[in-house]
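Keep in mind the model is a prediction, meaning the values are calculated, not measured. Residue numbers count from 1 along this sequence. In each ligand, atom 1 is the first atom listed, and ligand 1 is the first ligand listed.
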Amino acid sequence: MQLCRTVAEVRSLRPKFARLGFVPTMGYLHEGHLRLVRRAKAACGAAAVSIFVNPIQFAADDDLERYPRDLARDLALAEAAGTDFVFAPEAGELYPRGFTTRVDVGLTEGAENRARPGHFAGVATVVTKLFNIIQPSLAVFGQKDAEQAAVIRKLARDLDLGIKIEIAPTAREADGLAMSSRNSYLTPSERAAAVVLSRALQAAEFAFAQGERDPAVLRARALTVLAAEPLARVDYVAVADPDTLNPLSLPAERILLSLAARIGATRLIDNTVLG
Ligand code: AMP
């Protein structure tokens, strides 16, 4: 496995691979990331992983500085999962002085977009750059970040990128907590409390399986579970169309139920698609 630090290194390596599957990450890799890598490798015969904590998708009061980083560990995990090369640039390599362009897909109605203004323009901008640098045949993203998945699918379609986008299911810990690099922030008692996010989703899934289709009722089921956990502070619980991200008020057969909550100082997100 090779480590590329510059765009030029990637460009000289890229012709070695006929088809290439790509997994963009912010590093501190876990099993959720590695499943995406194995999928990319299986589909294309070669896999590239980017490791880049993208400053322009963080707001001033976000966790950019303390976001966990461990490149040596990441490289070992990526290699064991079958990665052919890792692209891990410094911020100045992607954003030299004078960089001003933003890619904005305009999916504005999503709850995460409302909670983090500018976040998805930062994501769409870096992913567009990474796609242009890596030139993958396929890119694999996680359902864990449902709104991001919708943004990337729309980006690829609207701009005719010619890259297949695949969304892989959310990898979870044994108790149901969605795997996330940010889980490393949690104290033991916070880690125990964090399971409330997936429990809240399960309550809505149970109601949906019983025939409930009213988005307000399904949302209320999730909220009730979250409210019972003293360490959790709800940011939002949202019911939306999985593709347009528009909020739903009428009964529907496909509902994206997504939520964000703070457990102590750590903001976690999770979601499920009902139907
Ligand atoms: P991140 O490093 O958090 O930016 O995530 C990089 C990619 O891995 C994104 O496509 C995420 O959606 C995906 N991902 C993160 N956590 C999980 C998970 N628990 N299950 C599946 N995919 C995930």
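Counting atoms of ligand 1 from 1 in the listed order, those under 4.0 Å from a heavy atom of Thr170 are 19 (N), 20 (N), 21 (C).
A search for salt bridge (charged side-chain N to carboxylate O under 4.0 Å, His left out) contacts involving Lys16 returns nothing, not counting sequence neighbours.
No donor-acceptor contact under 3.5 angstrom links the side chains of Tyr28 and Asn183, judged on distance only. Between the side chains of Thr6 and Glu93, not a single donor N or O lies within less than 3.5 Å of an accepting N or O. Counted by atom type alone, Tyr185 and Asp63 present one or more donor-acceptor pairs between their side chains at under 3.5 Å. Using modelled atom types and a 3.5 Å distance limit, the side chains of Asn113 and Glu147 yield no donor-acceptor pair.
A cation-pi arrangement, defined by a distance under 6.0 Å to the six-membered ring centre and an angle within 45 degrees of its axis, is present between Arg213 and Phe208.
Contact annotation: for Gln148 versus ligand 1, heavy atoms closer than 4.0 Å belong to the side chain alone. Proximity of Pro24 to ligand 1, defined as any heavy-atom pair under 4.0 Å, is confined to the backbone N, CA, C and O atoms. Contacts of Ser181 with ligand 1, taken as heavy-atom pairs under 4.0 Å, are absent altogether.
Counting heavy atoms from C-beta outward, Leu259 and Ile269 have side chains that stay 4.5 Å or more apart. Inter-residue side-chain proximity for Phe120 and Glu112 is flagged as met; some heavy-atom pair is nearer than 4.5 Å. Side-chain contact between Phe87 and Val7 is present, with heavy atoms from C-beta onward closer than 4.5 Å.
The distance criterion of under 3.5 Å between nitrogen or oxygen atoms is met by Met179 with respect to ligand 1. In terms of polar-atom proximity, defined here as any N/O pair under 3.5 Å, Asp145 does make such a contact with ligand 1. At a 3.5 angstrom cut-off on N or O pairs, Met26 counts as close to ligand 1. At least one N or O atom of Ala171 sits closer than 3.5 Å to an N or O atom of ligand 1. For the pair Leu36 and ligand 1, the shortest N or O to N or O distance does not fall below 3.5 Å. Looking at ligand 1, you'll find an N or O of His33 within less than 3.5 Å of one of its N or O atoms.
Residue-ligand proximity: Ala149 is placed with every non-hydrogen atom at 4.0 Å or more from ligand 1. Heavy atoms of His30 approach ligand 1 to within less than 4.0 angstrom.
Counting heavy atoms only, Pro169 comes closest to atom 21 (C) of ligand 1 of the residues Ala168, Ser50, Ala178, Pro169. Of the candidates Gly142, Gly27, Ala146, it is Gly142 that places a heavy atom closest to atom 10 (O) of ligand 1.
Remark: minimum distance from atom 23 (C) of ligand 1 to any protein heavy atom is reached at Lys144 CB, 4.0 Å.
Considering Val103, Asn132, Leu155, Leu161 in turn, Leu155 is the only one that fulfils the side chain to side chain contact (heavy atoms under 4.5 Å, CB included) rule with Val127.
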